[in-house]
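Letters A, B, ... are given to chains in the order of the sequence lines, protein chains preceding strands, and every chain is numbered from 1.
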There are 2 protein chains.
Amino acid sequence: MFDLGQYLPYLINRAGARLAVAFGQEIRRHGVTLQEWRVMAALAAHGAQRLSDLAALTSIELSTLSRLIGRMARSGLLTRSRAEGDRREIAVRLTARGTGLTRTIITTAKRYERLSLRGISKSEEDQLKRLLVRVYGNLGTLEPAPQR
Amino acid sequence: MFDLGQYLPYLINRAGARLAVAFGQEIRRHGVTLQEWRVMAALAAHGAQRLSDLAALTSIELSTLSRLIGRMARSGLLTRSRAEGDRREIAVRLTARGTGLTRTIITTAKRYERLSLRGISKSEEDQLKRLLVRVYGNLGTLEPAPQR
DNA sequence: CAATATTACTTGCAAACGCAAGTAACTTCA
DNA sequence: TGAAGTTACTTGCGTTTGCAAGTAATATTG
């Protein structure tokens, strides 16, 4: 009737969930949550960002992110400041401490990635990543088209 | 320093997040949440399950699932009953109404899966699924081995 | 250039989450 | 066989979440 084991959203969700649980517990020792790490990784990879761009980068809902950034600012991982030009925008950037901690966690992150890819060849790995990018893209184009 | 676009956990998470948001909103019209759908799909695919097996199947944390099942039982989608043999176990099974609704949603689910796979060949699709199963498996073997 | 609309966030609120600490039903083993 | 585990959930509690509604800054338009 319905083969879960061949259903792509299921396979993606459970792989993602395992990664999240395993890695989330791992980085707990650094006093950082998964969501915080996602923000830090996005800032490390792309530099300072506006709040809404960060939301897109991390797939974290805007209101959730707004509060998350507040907490992270309070704990000194990053700075939130009004943007220069458009004064509605919030510029978010890592502090020195945030950058340092991110650098440390990146090492662990790469280890986990390698672990998750055991027994998978480089070309298969590339294929996997390429297809995930494609799936993501496919879903982006339909997002802003609900009922009207 | 760190290329997010080539980092597997990131690619999995964002593809999963988009699927979740898009499909979650879609099934809202049936009065069902994503998590509820996941439980229904698991029960439809594997038949009646113990609570802890359901947790493993759905990647939902046990205490969260316990309460979720309670709500779903109250709204008549499924039944929770003590198991025959071991009376600690809870047997969860879909009601007729739950089965019917699941059948309906499965149609939508398959449509979303096709949508997410646009421009991907059958052999690439199989490859993608196979690799996601592998990643999931790779992470399973390290789960129960933290500090001791 | 002043309404009006839109954008970029923030906040209120109720619901959902996850960890840790229960409780009850088996198992094991001395 | 009964005391000490272990397993299978449940529940308390503080935190996080997401939607909807609000606020403030900028754009658009008549």
K.L.:
Any side-chain heavy atom of Q25(A) sitting closer than 4.5 Å to one from V21(A)?
P.N.:
yes
K.L.:
Less than 4.0 Å between a side-chain N and a carboxylate O, is that true for D126(B) and K122(B)?
P.N.:
yes
K.L.:
Please give me every residue in residues 40-51 of chain B whose heavy atoms get under 4.0 Å of an atom in DNA chain D, ordered by residue number.
P.N.:
R50(B), L51(B)
K.L.:
Report the distance from atom CD of Q35(B) to atom P of dA15(C), rounded to the nearest whole Å.
P.N.:
17 Å
K.L.:
Rounded to whole angstrom units, what separation is found between the CG atom of L34(A) and the P atom of dC19(C)?
P.N.:
11 Å
K.L.:
Between the side chains of E124(B) and R130(A), is the shortest nitrogen-to-carboxylate-oxygen separation below 4.0 Å, so that they form an ion pair?
P.N.:
yes
K.L.:
Could you check whether T95(A) and R97(A), counting side-chain N and O atoms only, form a donor-acceptor pair closer than 3.5 Å?
P.N.:
no
K.L.:
Can a salt bridge be assigned to the pair R71(B) and E36(B) using a cut-off of 4.0 Å between side-chain N and carboxylate O?
P.N.:
no
K.L.:
Who are the side-chain hydrogen bond (donor to acceptor under 3.5 Å, both in side chains) partners of R14(A), not counting sequence neighbours?
P.N.:
none
K.L.:
Scan for ring pair (Phe, Tyr, Trp, His ring centres under 6.0 Å) pairs involving residues 8-27 of chain A, sequence neighbours excluded, and state none if there are none.
P.N.:
F23(A)-W37(A), F23(A)-Y112(A)
K.L.:
Name every residue in residues 80-90 of chain A that has at least one heavy atom under 4.0 Å from any atom of DNA chain D, in order of residue number, or write none if there are no such residues.
P.N.:
G85(A), D86(A), R87(A), R88(A)
K.L.:
Are any of the side-chain nitrogens in K129(A) or E113(A) under 4.0 Å away from the carboxylate oxygens of its partner?
P.N.:
yes
K.L.:
Using a strict heavy-atom distance below 4.0 Å, which residues from residues 53-73 of chain A are in contact with DNA chain D?
P.N.:
E61(A), S63(A), T64(A), R67(A), R71(A)
K.L.:
Among residues at least two apart in sequence or on other chains, which ones pass side chain to side chain contact (heavy atoms under 4.5 Å, CB included) with R28(B)?
P.N.:
none
K.L.:
Tell me whether R67(B) contacts the main-chain N or O of T64(B) through its side chain, where contact means a donor paired with an acceptor under 3.5 Å.
P.N.:
no
